[in-house]
Protein chains: 4
Amino acid sequence: MSQTRAHGGRPRSERARIAVLEAVDDLLVDVGYAAMTMKGIAERAGVGRQTVYRWWSTKAEILFEASVTDAASELAVEPQDSTLDDLASYLEAVSHFLSVSPAGAAYRALLGEAQHDPAVAKLLASTDLLGDSARPVIERAISRGDLPSQTPIDQAVAQLLGPIFFQTISGYHGRGITPHDLANAFLHAAGAPHHAAPSDRSA
Amino acid sequence: MSQTRAHGGRPRSERARIAVLEAVDDLLVDVGYAAMTMKGIAERAGVGRQTVYRWWSTKAEILFEASVTDAASELAVEPQDSTLDDLASYLEAVSHFLSVSPAGAAYRALLGEAQHDPAVAKLLASTDLLGDSARPVIERAISRGDLPSQTPIDQAVAQLLGPIFFQTISGYHGRGITPHDLANAFLHAAGAPHHAAPSDRSA
Amino acid sequence: MSQTRAHGGRPRSERARIAVLEAVDDLLVDVGYAAMTMKGIAERAGVGRQTVYRWWSTKAEILFEASVTDAASELAVEPQDSTLDDLASYLEAVSHFLSVSPAGAAYRALLGEAQHDPAVAKLLASTDLLGDSARPVIERAISRGDLPSQTPIDQAVAQLLGPIFFQTISGYHGRGITPHDLANAFLHAAGAPHHAAPSDRSA
Amino acid sequence: MSQTRAHGGRPRSERARIAVLEAVDDLLVDVGYAAMTMKGIAERAGVGRQTVYRWWSTKAEILFEASVTDAASELAVEPQDSTLDDLASYLEAVSHFLSVSPAGAAYRALLGEAQHDPAVAKLLASTDLLGDSARPVIERAISRGDLPSQTPIDQAVAQLLGPIFFQTISGYHGRGITPHDLANAFLHAAGAPHHAAPSDRSA
DNA sequence: TTTTAATCGAGACGGTACGTCGAGTCTTGAC
DNA sequence: GTCAAGACTCGACGTACCGTCTCGATTAAAA
């Protein structure tokens, strides 16, 4: 289960690993993603440049490792009494994550890079950060009987996360839309009988 | 003296302006956004480096000018007979724009930069590209009576665009969700009475 | 006769050129050849690194350009009244050049590099620094009648410079050999009838 | 306790020592002195990096140890029948050593380093490689009566070795000067009465 | 017509990060 | 305590692009 050490050689320095990850966190806040360089990370961490390159290829990779655990924990919310409150509190957490949290800033930076760097896109795809956090919330709603048991989970995830993701990531000017509004609307859409299309009414 | 120009001076070369914009379009396709440099743009355009800087500050600015008009036209779709078809065809256009079209690639690149560059964020915010394209579609649905007349437009835009935007921009693994599915679900959500409790679904 | 400037472009900065050559001179004295780096040269000169590489490939090339004129002038000595004094004063200058002068230190550094770098060897070969300085001295001796008119110049140069060069460059422990001694011995060897080999005596 | 070694410890590996010296010999031929690195030596020898540093400080030191014995044997020539032939054959050996032999390449590399590294200069000075080889040849000539018995040996060594050393080490363009020519000229110079005025040549 | 001045292409300028390489040191477990 | 292995910090390598700065050469309106 160890990371395969054939036989000899000095073992990897845990001290250096931690220092790099912390340097990346600090730099993201201090100078922002664009001004964050491999050189700067190494210097801030008090680590040789080669040591950084030995274990990570790009600053995106370091940032990913530095943020993913924080991110996941920030998106895991306590179940609430009612499904509506549960959804609203989850969406509140997502909103906070995407627009306020440092871990969310890291995620947005990586998401940005992913738009023009397939390697970063692949990296991000390796962990479905948002989807994995949304699924339990939806499953809870189903088990409570507030969503139909045959609800297509993937689509429900997109419907739940989509609006708030869209508002935060694109700079969309939707004024006064609260997580509670979106939770409410989501329950309507996903809760309704699924294969009876509304436009059928007009037929 | 006079207000705009004291007296002489060579006028701006339209030839150079066009050449730069075309070079940016070409380079985005050929080498991608990340590998696109001001130096490269000037060389590809056969234009002095200073000339580029004289009229645009950043490559984001050039890319924006080069792509917005294309983008807007790609997102304007023909009205369809039924509202469901109308919505589906619009979402199909959005999907195509975001994942296939070169203009969309430019938009995604800018969106990416905007995640860690406030100047680019501001630039993008100056034109609500997606919102402006969605509004007419929603208003058409309202005027046809398929959405309540008091529908909050801003929120409806986010609900309509959110899911497809989320799927494309985050690399969400939603399998087999079609624009038609999303259009259908949207009509359910937005078409339902707005402040009704979720338990109404059982009625 | 100019350095061919096709048409456009900012002209080469004479200021930068001089600054680099002076920086090399300074650094050779301050830190020595081995510790002299392209980076260090650029910084000392207050010049961009690229600017150094644009005009010179290696530090050897810069050092050569910086030293060759100084070197040549240091090796040009005033003619003396007698041929013996003339030779002795020349050899004194050579000795001073090779063991004391900064220009000579540069020459020795280049000579050292040339032993394992063909490019530097070629560079040095482009100017026969020592040979060119010795030839006039020998020709003066011939024209004064102190050397036979058919003296083979190339060989005479090697015989004149060889001993002092050997002593300085190899760390040879010859004690108490003066330039005057060597001048005297040289006059004997080269001045003697050339094709009557001494070993012929024993025949 | 005891004087030399307190108690335990693995003894130095002779295998490793030999492997390093052979690796240096190989590398000098394969990649040349400049491209020869401590890292490369250790890898070629199949030896830990620390092991190399434990026994030698610099690559110059290893090269020196690897080459001196070869060098000395290459410069020891068989006595010839006539003094002229003896000198010529010796000079031929010197020329071959300096310009062809691998051991000579090592010597030239060290000589090069010595021009800007006092440590290497000191190392080279510890063995007067060329001088020690020339002395017996000159003494033989004296004992044969072909050189005056009061000949100053040190100066004679410089006069004998100087020209050929100069030609090989500096890239001097002396065309068609053979070891035989130089041996001949040397006998003239050193064989003549030592303090006689140059005008004696006309006698 | 002649001036005047802002434009144009070209390309050198001082900076700085890139990713690689070698330096010499340190830290393992095995012998 | 030495060995092979290999990670460590450090710093130079040569390259690329940054945004700025000259150049000489256009180009058109103002004088």
Side-chain angles (χ1 to χ4, degrees), chain A residues 5-13 15-17 35-43 45-55 57-59, chain B residues 1-2 5-13 15-16 35-43 45-55 57-59, chain C residues 5-13 15-17 19 35-43 45-55 57-59, chain D residues 5-13 15-16 35-40 42-43 45-55 57-59:
Chain A
R5 194 148 60 81
H7 155 68
R10 179 179 178 171
R12 175 173 183 182
S13 158
R15 197 214 123 262
R17 191 186 135 262
M36 195 172 88
T37 66
M38 290 299 254
K39 187 172 188 277
I41 293 166
E43 279 165 7
V47 141
R49 203 118 74 89
Q50 182 88 243
T51 297
V52 179
Y53 282 108
R54 184 150 32 226
W55 303 111
S57 303
T58 61
K59 61 176 176 172
Chain B
M1 317 294 181
S2 170
R5 234 174 346 123
H7 88 119
R10 180 178 178 173
R12 174 173 184 183
S13 158
R15 198 213 123 264
M36 197 173 87
T37 66
M38 291 299 255
K39 189 172 186 272
I41 293 166
E43 276 165 9
V47 143
R49 204 116 73 87
Q50 188 75 264
T51 301
V52 180
Y53 282 107
R54 185 146 35 223
W55 305 111
S57 304
T58 61
K59 63 175 176 172
Chain C
R5 196 148 62 79
H7 156 67
R10 180 178 177 172
R12 175 173 184 183
S13 160
R15 196 213 125 265
R17 192 187 134 262
M36 196 173 88
T37 65
M38 291 298 255
K39 188 172 187 277
I41 293 166
E43 279 165 7
V47 143
R49 205 118 73 88
Q50 183 88 238
T51 299
V52 179
Y53 283 107
R54 184 151 33 225
W55 303 111
S57 302
T58 61
K59 61 176 176 172
Chain D
R5 242 185 327 134
H7 92 115
R10 179 175 177 173
R12 175 174 183 183
S13 158
R15 198 212 122 264
M36 197 173 86
T37 66
M38 291 298 255
K39 191 171 184 275
E43 275 165 10
V47 142
R49 207 114 74 86
Q50 188 74 265
T51 299
V52 180
Y53 282 108
R54 187 147 33 223
W55 305 112
S57 302
T58 61
K59 64 175 176 173

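Letters go in sequence order (proteins before strands), and every chain restarts at 1.
Residue-to-nucleotide proximity on DNA chain E shows that, of A:Y53 and B:G46, the 5′-proximal contact is made by B:G46. Remark on DNA chain F: of its neighbouring residues C:M38 and A:V47, the 5'-side contact belongs to A:V47, judged by nearest-heavy-atom nucleotide. Both A:R17 and D:G48 lie close to DNA chain F; mapped to their nearest nucleotides by heavy-atom distance, the more 5′-ward contact belongs to D:G48. In terms of position along DNA chain E, the nucleotide closest to B:W55 lies nearer the 5' end than the nucleotide closest to the other residue of the pair B:W55 and A:T37.
Here F:dC21 presents its P atom at 19 Å from CD of C:Q50, a figure rounded to the nearest Å. C:I41 places its CD1 atom 10 Å from the P atom of F:dG14, with the value rounded to the nearest Å. Separating the CZ atom of B:R12 from the P atom of F:dA28 is a distance of 16 Å, rounded to the nearest angstrom. When rounded to the nearest whole Å, the span between NZ of C:K39 and C1' of E:dG15 equals 12 Å. We find that NZ of D:K59 is positioned 7 Å from P of E:dA23, with the value rounded to whole Å. When rounded to the nearest whole Å, the span between CD of A:E43 and P of F:dG11 equals 10 Å. In this entry the distance linking CZ of B:R10 with P of F:dA28 reads 8 Å, nearest Å. Taking atom CZ on A:R15 and atom C1' on E:dT27, their separation rounds to 14 Å, with Å as the unit.
Nearest to the side-chain atoms of D:T51 among the listed nucleotides F:dC3, F:dT22, E:dC8 stands F:dC3.
Scanning both residues, C:R15 and C:V47, for their nearest heavy atoms gives NH1-CG2, 4.5 Å. Closest heavy-atom contact between B:M38 and B:V52: CE-CG1, 4.0 Å.
No contact: D:G40 has no heavy atom under 4.0 Å from any strand.
Stacking of D:R12 on the aromatic ring of D:W55 is recorded, both the 6.0 Å distance cut-off and the 45° axial limit being met.
Counting heavy atoms from C-beta outward, B:R49 and B:K39 have side chains that approach closer than 4.5 Å.
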For this session: Just do the side-chain contact (heavy atoms from CB on, under 4.5 Å) check on D:K59 and D:T37 with the steps written out, would you?
Result: CA-CA 7 Å; D:K59 64 175 176 173; D:T37 66; over 6 Å; no
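Interface remark: the B:R49 side chain does not form any donor-acceptor pair with the E:dG11 base, using a distance-only criterion of under 3.5 Å.
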